[in-house]
**Q** 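Quick one: structure below, then a few questions.
Model, not experiment: these values are computed from the prediction.
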Amino acid sequence: MRKLVALPVLSADALSSVAYGPEALLAVLVLAGTAGLGYVFPVSGAIVLLILVVGLSYRQTIRAYPHGGGSYIVAGDNLGPVAGLVAAAGLMTDYVLTVAVSIASGVAAVTSAIPGFASVTVPLGLGVIALLLAGNLRGVRQAGVLFAAPTYAFIIAMFLLITIGLIKGIGEGFTPRPDPAVTATEGIGLLLIMRAFSSGATAMTGIEAISNAVPAFRPVAWRQARTTLSWMTGLLIAMFAGIIVLAHVADVVPSGQETVLSQLAHLSFGSGWLYVFVQAATAAVLLLAANTAYNDFPRVLSLLARDEFAPRMFMRLGDRLAYSNGIILLSLAAALVFVAFDGQTTALIPLYAVGVFLAFTLSQCGMVVHWWNKRSPNWRRSMAFNALGALLSFLVFITAGISKFTSGAWVAILAVGLFLLLTLRIHRHYSSVRASLRLRPDTAPAPQHTTTGPPVNEEREELPDDVHHLVLVALATLDLAGLRALAYAASLGQPVLALHIGLTEEEAQRSRAYWTAWGDHVPLEIVVSPYRATVAPLVHHVQALHQQHPGLTLTVVLPEIVTRHRRYQLLHNRTAPRLRRALRPLPKVVITAVPFHV
């Protein structure tokens with residue numbers, strides 16, 4: 001991608017957070033009345049400093065990981081697999097909440113402009129999630145002008161709002177309006193300031209997106225990515241600080257009926273077309289930010305599945321090259337969270353900072369270890385940036401965990417703990433299965449094969465001696481389960497053909513080499529599936545065999561992993577039931593599953 005396209009596409013999540021970050025900060029400080037609002041500038045200044053430091057830290061990450069360095073990869077490489085899993089847990093929580101919070105804030109932008117929709121907030125948000133689910137399952141991707149336009153429209157809207165608002169507020173004065181009701185319900189104290197700081201820091205969500213997508217840039221990719229990150233950081237700081245200053249000048253405080261941005265737009269533009277433009281741009285960029293999670297969540301989940309920390313079904317790409325299972329899981333989780341918190345942004349914010357800054361902290365700590373081990377040029381300066389980023393991110397994580405624990409942060413902390421426990425159990429199970437399937441020197445001798453019998457020209461009533469078999473063994477890999485299926489097929493005394501569906505040419509060549517090393521005792525046919533499908537190519541191959549030899553009775557033998565505990569069965573591919581459904585309409589086809597118990 002060019003920088004002009006990459007900036008809006010990859011920055012949508014981070015830049016759109018100014019729609020709810022400043023409001024979340026004000027919503028906490030206003031609890032202490034006028035005295036609380038007096039701390040808005042010091043707290044905002046600390047958040048601006050945090051954005052700057054973390055932005056500079058991720059510039060070092062991009063230089064160190066030019067092929068993409070998300071928190072899971074960086075923490076796992078440098079701090080060990082458990083740290084990587086904890087970082088992944090923070091990321092996954094972040095992505096789910098990105099969808100829920102972005103949609104909640106986008107719906108709030110709509111209901112602020114059209115108050116009549118306020119009563120259908122939850123159905124409206126669920127409808128948006130359903131649209132995102134359908135679009136991503138069909139392979140919609142963030143690319144080109146179509147996806148760049150909402151972010152650029154939002155940037156223009158924010159700078160128009162800030163510039164015109166400040167000119168009008170400072171130079172001409174706003175239309176007289178009643179003083180905001182800021183009756184204190186809490187005393188000003190350290191805990192309140194900590195809560196305000198961690199709430200406002202949610203404006204940083206999505207700042208690591210560019211470091212994840214370095215390979216998507218044009219050469220030299222890492223230089224282009226660092227430049228784009230710098231622009232994103234500068235825009236984020238300018239918009240965040242501008243909204244805070246404008247809200248202070250205009251004496252605007254959060255309201256349950258209308259967002260802060262909507263109030264500021266009303267004061268600056270009235271109810272004319274510029275107000276509509278601001279609200280529409282805000283809703284559009286928040287929808288795009290929610291869609292960003294649909295790219296990142298399934299990708300991280302596929303990495304976890306690759307490393308055997310998540311079910312292998314999440315590695316499978318659909319026929320539109322989308323991780324369909326991960327997309328569905330994200331939609332269900334986001335919908336559950338959205339409904340549980342009634343679609344209210346203020347209720348969701350306390351959950352947000354925990355996952356975000358947990359991932360930030362581990363990523364930056366991983367980078368500190370990386371620079372210490374590599375000792376590459378300028379490593380001391382890079383390590384200093386990352387160490388400061390790690391320290392500040394950790395302080396925000398602890399602040400959010402303590403100050404917002406009873407407000408909902410405990411849900412995010414519990415989710416991280418359960419995620420870690422579940423992924424470790426899954427990995428332990430896969431390790432046990434791999435040990436059970438590993439080939440050993442005392443493996444039984446290879447099965448032999450014979451030639452095929454003559455075909456029968458038409459379907460009719462048959463005697464046993466009239467049936468001519470071909471046994472087709474579908475092999476995903478050459479392991480003990482596969483050898484058991486081959487041995488069973490050979491024991492039938494009928495011709496045997498092994499079939500392997502390769503997802504790439506390289507993988508097909510590797511499988512052929514394994515087969516040759518094993519001894520090539522049975523004919524092997526490899527079908528390369530360029531769209532990464534497995535069931536459809538196998539069905540098409542069976543159909544082709546029927547067309548060539550209509551008299552053959554085809555027995556399709558499938559190795560099947562059977563676990564002692566049913567709860568582990570979902571961790572393994574359910575190819576046999578899918579094949580049975582797909583092959584049922586074809587005549588003279590028998591499906592046989594050969595179980596291998598682990």
Side-chain angles (χ1 to χ4, degrees), residues 311-313 316 318-319 325 433 437 446-450 452-453 455-456 458-503 511 515 521-529 531-563 566 568-598:
R312 289 173 183 154
M313 59 188 289
R316 189 166 58 241
D319 56 0
N325 293 321
V433 171
L437 293 174
Q448 303 299 317
H449 66 279
T450 61
T452 60
V456 178
E458 60 181 6
E459 188 172 17
R460 58 180 174 81
E461 184 178 351
E462 298 169 334
L463 296 174
D465 291 340
D466 297 329
V467 178
H468 303 285
H469 286 278
L470 174 63
V471 182
L472 189 66
V473 183
L475 288 177
T477 185
L478 190 62
D479 54 23
L480 286 181
L483 288 186
R484 175 171 292 182
L486 286 167
Y488 171 80
S491 72
L492 299 177
Q494 302 297 328
V496 177
L497 173 67
L499 178 64
H500 174 72
I501 306 298
L503 301 184
S511 297
W515 192 262
H521 300 286
V522 172
L524 172 68
E525 186 161 347
I526 297 179
V527 177
V528 177
S529 175
Y531 299 106
R532 298 179 179 270
T534 54
V535 173
L538 198 150
V539 173
H540 293 158
H541 192 80
V542 172
Q543 289 175 327
L545 285 174
H546 259 300
Q547 291 174 358
Q548 295 172 8
H549 307 286
L552 284 176
T553 295
L554 292 176
T555 299
V556 181
V557 177
L558 299 171
E560 185 174 12
I561 303 298
V562 178
T563 59
R566 182 173 294 181
Y568 291 123
Q569 199 61 48
L570 292 175
L571 302 178
H572 299 276
N573 291 330
R574 305 290 293 166
T575 305
R578 296 169 62 205
L579 271 174
R580 274 195 288 270
R581 289 192 297 270
L583 294 173
R584 190 176 293 124
L586 300 179
K588 301 175 75 67
V589 174
V590 178
I591 307 294
T592 299
V594 179
F596 189 93
H597 296 86
V598 293

**Q** What closest approach, in Å, do L470 and L545 show between heavy atoms, and which atom pair accounts for it?
**A**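 Residues L470 and L545, closest heavy atoms: CD2-CD1, 4.2 Å.
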**Q** Taking H597 for its side chain and V562 for its backbone only, find out whether a donor-acceptor pair lies under 3.5 Å.
**A**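 Here the side-chain-to-backbone pair does not exist.
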**Q** Could you report the tightest heavy-atom contact between P595 and R484, atom names first, then the distance?
**A** O-NH1, 3.4 Å
**Q** If I take atom CZ from residue F596 and atom CG from residue L483, how far apart are they, to the nearest 0.5 angstrom?
**A**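 So the CZ of F596 and the CG of L483 are separated by 9.5 Å.
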**Q** Looking only at non-hydrogen atoms, find the nearest pair between V539 and A582 and report the distance.
**A**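 For V539 versus A582, the nearest heavy atoms are CG2-CB, 3.6 Å.
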**Q** Could you pull out the closest heavy-atom pair between V496 and P523, with the gap in Å?
**A**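 The answer is O-CD, 3.6 Å.
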**Q** Are the side chains of S511 and I526 in contact, using a 4.5 Å heavy-atom criterion?
**A**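 Result yes, sub-4.5 Å side-chain heavy-atom pair found.
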**Q** May I have the step-by-step check of side chain to side chain contact (heavy atoms under 4.5 Å, CB included) for V557 and V594, ending in yes or no?
**A** CA-CA 7 Å; V557 177; V594 179; 3.5 Å; yes
**Q** Test V589 against V542 for side chain to side chain contact (heavy atoms under 4.5 Å, CB included), laying out the working first.
**A** CA-CA 9 Å; V589 174; V542 172; 4.0 Å; yes
**Q** Where is the tightest heavy-atom contact between L524 and L499, given as atom of each residue plus distance?
**A** CD1-N, 4.3 Å
**Q** For the CD atom of E525 and the CD1 atom of I501, what is their distance to the nearest 0.5 Å?
**A** 9.0 Å
**Q** To the closest 0.5 Å, what do you measure between CG (L475) and CG (L558)?
**A** 9.5 Å
**Q** Nearest heavy-atom pair of M313 and N325: which atoms, and what distance?
**A** O-ND2, 2.9 Å
**Q** Check step by step if side chain to side chain contact (heavy atoms under 4.5 Å, CB included) holds for T592 and V556.
**A** CA-CA 6 Å; T592 299; V556 181; over 6 Å; no
**Q** Counting distance only, does the side-chain N/O of W515 pair as donor-acceptor with the main-chain N or O of L478 below 3.5 Å?
**A**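 Such a contact is absent between W515 side chain and L478 backbone.
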